[in-house]
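Residue numbers start from 1 in every chain, and the chains themselves are labelled A, B, ... in the order their sequence lines are given, proteins ahead of strands. The analysis underlying the following values was restricted to heavy atoms, covering all of them including side chains, and did not include hydrogens, waters or symmetry mates.
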Amino acid sequence: MNYWLLKTEPGCFSIDDLARAKKTFWDGVRNYQARNFMQEMRLGDEVFVYHSNADPPAVVGIAKIVREAYPDHTAFDPSDKHYDPASSVGNPRWYMVDVQFVRKFKMELPLPSLREQRGLSKMELLRKGSRLSVQPVGRSEWKIILKLAAKHDPGSDRCPND
DNA sequence: GCCAACGTTGGC
DNA sequence: GCCAACGTTGGC
């Protein structure tokens, strides 16, 4: 199982919107690197949901992949904001995945506080100038962030088998 | 609103 | 294939 991070602008689609919708298709990715990562996503992979262009920008919760990459139909629609005439049904250029809401953190983890974490210094999200909207998250990075989230939400990391 | 750090486009 | 111009992302 692999871990990922998806960026979204809360003014456009927030973790609360995802919580309400329960499930959504992650459309509109128009960057090759991001697309390639989406194509590597597998059923059951978990993703952090990140609010970009927010005050503060923050990791806000968790979702999981419930459908692997398939053509992003919004690229075919001339009236869509993310229309791309170079993408066609017969030869799709852009893909999307379906994600399902898992949980929202009791307290969001703001970007500045993540920067303070020693173990996250190599994280793609924290790289200067990083704009990748779909990115892999290392296993150790995932754990560190989960632990941070648990610190503000006792019980969320409780495991019945422990 | 500013601007750094990209990615893309298109002339040559 | 180079690279300048341009557009976008996203923190600040």
Side-chain angles (χ1 to χ4, degrees), chain A residues 2-21 24-41 45-65 69-99 101-138 140-149 151-152:
Chain A
N2 288 310
Y3 299 110
W4 310 93
L5 180 144
L6 293 174
K7 293 183 183 177
T8 183
E9 299 193 17
C12 176
F13 189 83
S14 72
I15 185 82
D16 290 323
D17 292 325
L18 180 59
R20 263 190 298 275
T24 191
F25 48 88
W26 208 264
D27 64 312
V29 171
R30 297 292 180 270
N31 170 284
Y32 290 105
Q33 216 184 336
R35 179 203 65 183
N36 294 344
F37 283 134
M38 273 206 304
Q39 290 178 318
E40 289 179 30
M41 291 175 170
D45 279 2
E46 292 186 293
V47 306
F48 283 134
V49 177
Y50 174 81
H51 282 172
S52 63
N53 265 316
D55 189 21
V59 175
V60 294
I62 297 175
K64 70 175 176 187
I65 305 303
Y70 61 104
D72 182 343
H73 57 77
T74 66
F76 308 144
D77 178 2
S79 70
D80 193 278
K81 187 178 159 211
H82 298 291
Y83 174 59
D84 181 358
S87 187
S88 64
V89 177
N91 188 20
R93 172 176 292 190
W94 305 114
Y95 285 77
M96 58 191 184
V97 293
D98 286 356
V99 305
F101 177 76
V102 173
R103 68 186 172 96
K104 177 186 172 180
F105 294 153
K106 279 275 180 343
M107 206 168 284
E108 53 177 43
L109 304 175
L111 192 59
S113 76
L114 296 182
R115 289 194 191 284
E116 290 170 7
Q117 295 298 316
R118 199 183 299 278
L120 298 181
S121 59
K122 298 262 180 65
M123 197 177 175
E124 168 66 23
L125 181 70
L126 305 183
R127 243 191 58 235
K128 189 180 177 191
S130 168
R131 302 186 322 183
L132 202 53
S133 64
V134 178
Q135 50 182 266
V137 172
S140 67
E141 296 164 348
W142 181 271
K143 279 189 170 176
I144 289 170
I145 291 176
L146 271 195
K147 208 167 240 176
L148 280 176
K151 207 155 60 170
H152 300 290

Colleague: Give the C-alpha distance, both sets of side-chain angles, the deciding distance and a yes or no for ring pair (Phe, Tyr, Trp, His ring centres under 6.0 Å) between A:Trp26 and A:Tyr95.
Modeller: CA-CA 9 Å; A:Trp26 208 264; A:Tyr95 285 77; over 10 Å; no

Colleague: Is the shortest distance from a Lys or Arg side-chain nitrogen in A:Arg30 or A:Asp72 to a carboxylate oxygen in the other one below 4.0 Å?
Modeller: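 Judged by the 4.0 Å cut-off on N to carboxylate O distance, A:Arg30 and A:Asp72 do form a salt bridge.
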
Colleague: Under 3.5 Å, is there a donor-acceptor pair between the side chain of A:Glu141 and the main chain of A:Gly138?
Modeller: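 The answer is yes, because a donor-acceptor pair under 3.5 Å joins these two groups.
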
Colleague: Could you tell me which non-hydrogen atom of A:Ser88 sits nearest to which non-hydrogen atom of A:Phe76, and how far apart they are?
Modeller: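 It is C-CE2, 3.2 Å.
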
Colleague: NA contact type, A:Arg30, heavy-atom cut-off 4.0 Å: base, sugar-phosphate, or nothing?
Modeller: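 Answer is nothing: A:Arg30 stays at 4.0 Å or more from every strand.
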
Colleague: Provide the start and end nucleotides, 5' to 3', of the part of DNA chain C that has atoms under 4.0 Å from heavy atoms of chain A.
Modeller: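 The contacted stretch runs from C:dG7 to C:dC12.
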
Colleague: Throw together a table of side-chain donor-acceptor distances under 3.5 angstrom for residues 114-126 of chain A, partners on residues two or more places apart or in other chains.
Modeller:
{"residue": "A:Arg115", "atom": "NH1", "partner": "A:Leu126", "partner atom": "O", "Å": "2.9"}
{"residue": "A:Ser121", "atom": "OG", "partner": "A:Arg118", "partner atom": "O", "Å": "3.4"}
{"residue": "A:Glu124", "atom": "OE1", "partner": "A:Arg127", "partner atom": "NH1", "Å": "2.9"}
{"residue": "A:Glu124", "atom": "OE2", "partner": "A:Arg127", "partner atom": "NH1", "Å": "3.0"}
{"residue": "A:Glu124", "atom": "OE2", "partner": "A:Ser130", "partner atom": "OG", "Å": "2.9"}

